[in-house]
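Since this is a predicted model, take the numbers as computed values, not measurements.
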Amino acid sequence: MTAVTAKAPLGLARWRSAQNVGALSVIIGILFWQFAYEALARTVYFHAYAIDHFFVSPWQVLQSFVELYQSGELVRNCYFSFLEFLCGFLLAIAVGVPFGFLMATQDKLNNFLDPWVSAIYATPRVALAPIIIVWFGLGIFPSSLVVFLGAVFPILLNTYTGIRSVKPNLIEVVRAFGGSPAQIFFKVMIPDATPAIIAGMRLAVGRAVIGVVVAELFGAEAGIGFMVYLYSQRFMPGPVFVGIVILVVFGIATFVALEKLQRWLSPWYDYQLQQRMQGLEME
């Protein structure tokens, strides 16, 4: 009897976990979407105003997904968009992390590059995308360049902030024990700044996905953004919602993967956050 009562709260706690609550929230949202469509379809306004050309149900989105997948169009568009995202995002990491470190450690370089970083970062990607398309034409490279411009600055700025936030006493301890500059960099700076760098990458994911769509809207022959634009011009909301859902799922999956990477590289960071939260609750 005691064992049964002990297991019950444990099972209830598992059902109340963050993952299960989030999944339940998504299911409720999809069901509400379906019921709202069914209710709207029974009104006189549905056909009078051709609402079916602008709004679809989750079931119709699933049917459109199957049709696009079977035709091979969806796979082709996903391939091009993923390739553009991957090239632009990896290039943003390769440029943003080193330059963020150099700007954080070299004051002269920081003073020289800061106006350019601020100016380009403040310029909307929508304004730069047409110029890039005109200069470089259509293809993977110009689209990847738009993705790069959207993703590089969150990575660069977070790397800069992370390096600047490294505790000076840690550096002094390593120097006191005869540590070389390379040891200070790899043993102190990089581990201490890793959470900030990964956070910058997570922020860059959203901007990179937006960059993919913006680049394909202005000039592309394939891709999810191209597919969304094409079918929106034909008033076919099913494929449009398929593209939107794919972009959302891909962004969330990449975001979660980077979060797991941060926990693997910096397992001590979550412990520090928990200790800080407990300290605030004690106060």
Side-chain angles (χ1 to χ4, degrees), residues 61 64-65 68-69 71-100 113 116-159 199-258:
V61 173
S64 298
F65 176 86
L68 291 170
Y69 178 78
S71 67
E73 182 179 356
L74 184 63
V75 176
R76 177 172 177 268
N77 289 322
C78 288
Y79 170 77
F80 278 97
S81 292
F82 176 74
L83 192 60
E84 293 163 2
F85 174 88
L86 186 64
C87 294
F89 194 74
L90 292 179
L91 183 61
I93 295 174
V95 173
V97 173
F99 271 85
L113 293 178
W116 295 98
V117 171
S118 301
I120 301 175
Y121 182 59
T123 305
R125 303 293 88 75
V126 178
L128 294 176
I131 299 175
I132 294 174
I133 298 300
V134 169
W135 285 352
F136 299 101
L138 304 178
I140 299 295
F141 176 73
S143 299
S144 301
L145 191 58
V146 176
V147 175
F148 163 77
L149 290 176
V152 67
F153 293 105
I155 298 174
L156 188 151
L157 294 175
N158 272 57
T159 302
M201 294 180 187
R202 294 168 66 185
L203 292 173
V205 167
R207 291 181 173 271
V209 173
I210 294 174
V212 170
V213 176
V214 169
E216 292 174 352
L217 287 178
F218 279 100
E221 298 175 345
I224 298 299
F226 172 78
M227 185 182 75
V228 169
Y229 176 76
L230 177 65
Y231 284 103
S232 66
Q233 297 298 308
R234 299 178 180 178
F235 295 97
M236 298 174 63
V240 173
F241 276 89
V242 169
I244 294 173
V245 170
I246 288 175
L247 291 172
V248 170
V249 172
F250 177 76
I252 293 175
T254 308
F255 197 84
V256 172
L258 288 172

Please set out all donor-acceptor pairs under 3.5 angstrom arising from side-chain atoms of residues 223-246, sequence neighbours excluded.
residue: Tyr231; atom: OH; partner: Glu73; partner atom: OE1; Å: 2.9
residue: Tyr231; atom: OH; partner: Glu73; partner atom: OE2; Å: 3.0
residue: Ser232; atom: OG; partner: Val228; partner atom: O; Å: 3.1
residue: Ser232; atom: OG; partner: Tyr229; partner atom: O; Å: 2.7

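Remark: Phe141 engages Phe136 in a ring-ring contact (aromatic ring centres under 6.0 Å, His included) (not counting sequence neighbours). Residues satisfying the ring-ring contact (aromatic ring centres under 6.0 Å, His included) test with Phe89, not counting sequence neighbours, are Phe85.
Rounded to the nearest 0.5 angstrom, Ile252 CD1 and Leu247 CG are separated by 11.0 Å. Once rounded to the nearest 0.5 Å, the distance linking OG of Ser81 with CD1 of Ile140 reads 8.5 Å.
The two residues Met201 and Val97 come nearest to each other via the heavy atoms CE-CG2, 4.4 Å. Pairing each heavy atom of Pro154 with each of Arg207, the nearest pair is CG-CD, 3.5 Å. Among all heavy-atom pairs drawn from Ile155 and Ala204, the shortest one is CG1-CB, 3.8 Å.
Counting heavy atoms from C-beta on, the side chains of Leu145 and Phe148 come closer than 4.5 Å.
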| task | Test Leu157 against Tyr121 for side chain to side chain contact (heavy atoms under 4.5 Å, CB included), laying out the working first. | result | CA-CA 10 Å; Leu157 294 175; Tyr121 182 59; 4.1 Å; yes
